[in-house]
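Report on the following structure.
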Amino acid sequence: MRKFIFTSLLCICMSGIITIVNAQDYKTYNLNSYYTPDIVRNYLDLNGLLSQESDLGHYQSTSKINGNVYGSYYHLVNTRKKICELRSGISLSGGGNTMKRFYEKIISKNNSFSNGDFINIRYKFYNNSKYFLSTDTHINYYYDSNSNNNTDSLLRRDYSSSSQHNILGGLSVGIGKGRIEHITDAVQTVYLIEALQNKGLLKKDFDDNDIFDLSQKISTIKNKRFLDSRQKLIEEITKVDSFIVSNNKINKQDAAYFTTLYDIWLNGANFERKTGRIIELKIQPNIYFKNQFTTNVSQINNQNDYTEQYKISDRNYRLGIYYLNEKSINYKWQKSFNAQAEAAISNNYQLTDKSTSTKTTNESLYKTANSNVSYRLGYYPNTRTNIYGQLSNRTDLNYYSQINNNNSETISTAKDVYNISEIAIGTYYYFSPNLRLSANATVRNYFNIYDITANISANNRFTNNLTLSITYLVF
């Protein structure tokens with residue numbers, strides 16, 4: 001009898017040991033091997049608002065009307081050979097109000113209108129060796145106008161108006177090597193499989209190919225456009241469940257399984273994760289133009305009538321080299337290193353033409369160089385918690401000169417060296433559903449040497465910032 005009991009206990013222990021040894025350790029999955037599938041995504045959003053208000057009293061009446069329309073379009077193509085992003089938008093807004101004062105017989109009207117449009121197109125074309133050619137084209141346009149008109153009983157009026165046009169355009173061309181992959185979906189897959197394993201719901205282990213295929217399935221369905229967020233969630237959960245069931249990975253589809261799937265789907269991708277390295281040399285010419293016009297006519301208050309025109313044109317040329325390295329140490333640790341160096345030259349031309357004074361023109365020349373280096377380490381103990389630390393340093397060298405074109409006289413020159421060093425740590429820590437902690441701390445050192453026509457000044461100072469938030473739900 002004793003021999004039977006001993007033999008039975010020994011078999012149970014050996015079985016437990018074998019189970020532990022055979023249990024798949026998903027924490028060791030190489031997240032850096034993941035890449036997103038071919039994706040095509042399109043978003044078109046339109047928003048509009050119209051409001052009207054009126055007020056009629058014994059002494060005066062007012063009426064107001066305002067409206068705006070905004071539209072945006074986003075297009076993404078992400079394949080192994082090409083990455084294309086197109087962003088565009090249009091914004092229109094306007095309004096007017098009228099006030100009538102009955103006893104003074106004065107009517108005041110104010111009208112405004114603005115229009116903002118932009119388009120940004122980015123391309124990266126890859127060959128088989130991860131070398132790429134990149135282009136970035138952007139055009140921004142903005143216009144606004146305002147007018148005020150007061151009329152009295154003698155039909156005299158005070159009138160003022162202003163309007164401005166702003167146009168910014170640029171094109172950058174770059175060559176480089178490497179690629180940054182978004183691996184948040186792969187991390188979410190590991191969280192899901194590990195949660196199912198811990199609850200004893202897995203029938204078969206997921207191998208590396210299974211993890212990769214499920215991650216790509218998740219990336220695909222997340223990039224599908226849905227107009228109803230509720231329908232989107234239903235479709236996403238259904239697709240993931242279908243993959244797991246069709247591959248015979250689950251014991252049973254009970255409440256424990258679906259609540260686990262639902263929880264990881266909502267919370268397993270709270271923090272963005274990336275992998276890969278990229279280095280790029282880029283040249284960026286930009287052109288900016290602004291034209292502002294103001295008019296003022298006064299018959300009631302006998303102020304001086306005047307007009308004013310203000311023009312700015314700016315040409316900027318920038319050359320830069322950029323390096324970024326993102327690596328997932330494992331599904332709980334992430335490190336990032338970023339370094340860049342840029343040099344730029346900018347020519348700025350300003351014209352001021354007032355009817356009450358002499359026309360003036362000024363030309364400014366800017367030469368700048370800067371470098372920026374940062375290192376960040378992140379820790380993600382669970383789906384709702386992250387802790388990070390970051391070191392960064394930025395150095396700027398600037399030269400500036402201004403010339404009065406009326407007499408070709410150099411008005412001023414200036415040089416400065418600017419350096420910012422920073423240490424930052426922070427966390428959003430989810431202890432339990434009742435207790436949560438959010439904290440951020442930053443220490444910065446600013447160092448600056450400024451030279452205006454041989455008047456040299458230096459400044460060195462430290463600043464710190466600390467924010468702490470604790471949330472405790474009693475019941």
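All figures in this text were calculated on a predicted structure; none of them were measured in a lab.
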For residues Asn330 and Arg273, report the shortest heavy-atom separation together with the two atoms involved. O-NH2, 2.9 Å
Any chance the side chains of Asn291 and Gln164 put a donor and an acceptor closer than 3.5 Å? no
Inspect the contact between Glu280 and Arg179 and indicate whether a charged nitrogen and a carboxylate oxygen are less than 4.0 angstrom apart. no
So, Asp136 and Lys282, do they make that salt bridge, N to O below 4.0 Å? no
Step by step, would you call Asn348 with Gln350 a side chain to side chain donor-acceptor pair (under 3.5 Å)? CA-CA 7 Å; Asn348 181 277; Gln350 298 181 17; 3.2 Å; yes
Within the side chain of Gln284, is there an N or O that forms a donor-acceptor pair under 3.5 Å with the backbone of Gly170? no
Heavy-atom closest pair, residues Leu133 and Gly174: CD1-O, 3.4 Å
Close side-chain approach of Gln197 and Lys199, heavy atoms under 4.5 Å: no
Could you walk me through whether Leu227 and Arg225 satisfy the side chain to side chain contact (heavy atoms under 4.5 Å, CB included) test, starting with their C-alpha distance in whole Å, then the side-chain angles of each, then the deciding distance to 0.1 Å, before giving a yes or no? CA-CA 7 Å; Leu227 300 181; Arg225 176 67 157 164; 4.2 Å; yes
Step-by-step side chain to side chain contact (heavy atoms under 4.5 Å, CB included) determination, Ile39 to Thr220: CA-CA 7 Å; Ile39 292 170; Thr220 301; 5.7 Å; no
I'd like to know whether Asp254 forms a side chain to side chain contact (heavy atoms under 4.5 Å, CB included) with Leu201, so could you lay out the CA-CA distance, the side-chain angles of the two residues, the decisive distance to 0.1 Å, and finally the verdict. CA-CA 9 Å; Asp254 58 4; Leu201 296 170; 4.1 Å; yes
Are the aromatic rings of Tyr131 and Tyr126 close, with centres under 6.0 Å apart? no
Just do the salt bridge (charged side-chain N to carboxylate O under 4.0 Å, His left out) check on Glu181 and Arg80 with the steps written out, would you? CA-CA 11 Å; Glu181 300 286 355; Arg80 294 298 94 193; 2.8 Å; yes
Quick one: ring-ring contact (aromatic ring centres under 6.0 Å, His included) pairs with a partner in residues 422-449, sequence neighbours left out? Tyr429-Phe431
Should Leu324 and Lys274 count as side-chain neighbours, where that means a heavy-atom distance under 4.5 Å? no
Worked check of side chain to side chain contact (heavy atoms under 4.5 Å, CB included) between Asn325 and Asn338: CA-CA 6 Å; Asn325 189 330; Asn338 176 58; over 6 Å; no
So which of Tyr399, Tyr317, Tyr400 actually passes ring pair (Phe, Tyr, Trp, His ring centres under 6.0 Å) with Tyr366? Tyr400
Is the side chain of Asn270 donor-acceptor paired with the backbone N or O of Thr383 at a distance under 3.5 Å, no angle test? yes
Is a side-chain donor-acceptor pair under 3.5 Å present for Thr385 with Asn382? yes
Mind checking whether Tyr191 and Tyr331 have ring centres under 6.0 Å apart? yes
Step through it carefully: locate the ring centre of Phe289, locate the ring centre of Tyr349, and say whether they are under 6.0 Å apart. no
Treating Gln340 as the side-chain partner and Tyr323 as the backbone partner, does any N or O pair qualify as donor plus acceptor under 3.5 Å? no
Salt bridge (Lys or Arg N to Asp or Glu O under 4.0 Å) against Asp263, all qualifying residues, sequence neighbours excluded: Arg384
Using distance alone, with no hydrogens and no angle criterion, decide if His182 and Tyr35 have a side-chain donor and acceptor under 3.5 Å apart. no
Any salt bridge between Arg394 and Asp396, counting N to O under 4.0 Å? yes
If you define the side chain from C-beta out and look only at heavy atoms, does anything of Ile312 sit under 4.5 Å from Tyr288? yes
Report the residue from Arg376, Lys327, Glu326 that forms a side-chain hydrogen bond (donor to acceptor under 3.5 Å, both in side chains) with Gln334. Glu326
Determine whether more than 12 heavy atoms belonging to other residues, nucleotides or ligands lie under 6.0 Å from atom OH of Tyr123. no
Does the side chain of Ser215 come under 3.5 Å of the side chain of Asp185 through a donor N or O and an acceptor N or O? no
Can you tell me if Lys217 has over 12 outside heavy atoms packed within less than 6.0 Å of its NZ? no
Do Lys290 and Asp144 meet the salt-bridge criterion of a basic N to acidic O distance under 4.0 Å? no
Run the side chain to side chain donor-acceptor pair (under 3.5 Å) test on Ser91 and Asn68 for me, step by step, so that the C-alpha distance in whole Å, both residues' side-chain angles and the decisive distance to 0.1 Å come before the verdict. CA-CA 7 Å; Ser91 174; Asn68 62 70; over 6 Å; no
Lys249 NZ: over 12 foreign heavy atoms closer than 6.0 Å: yes
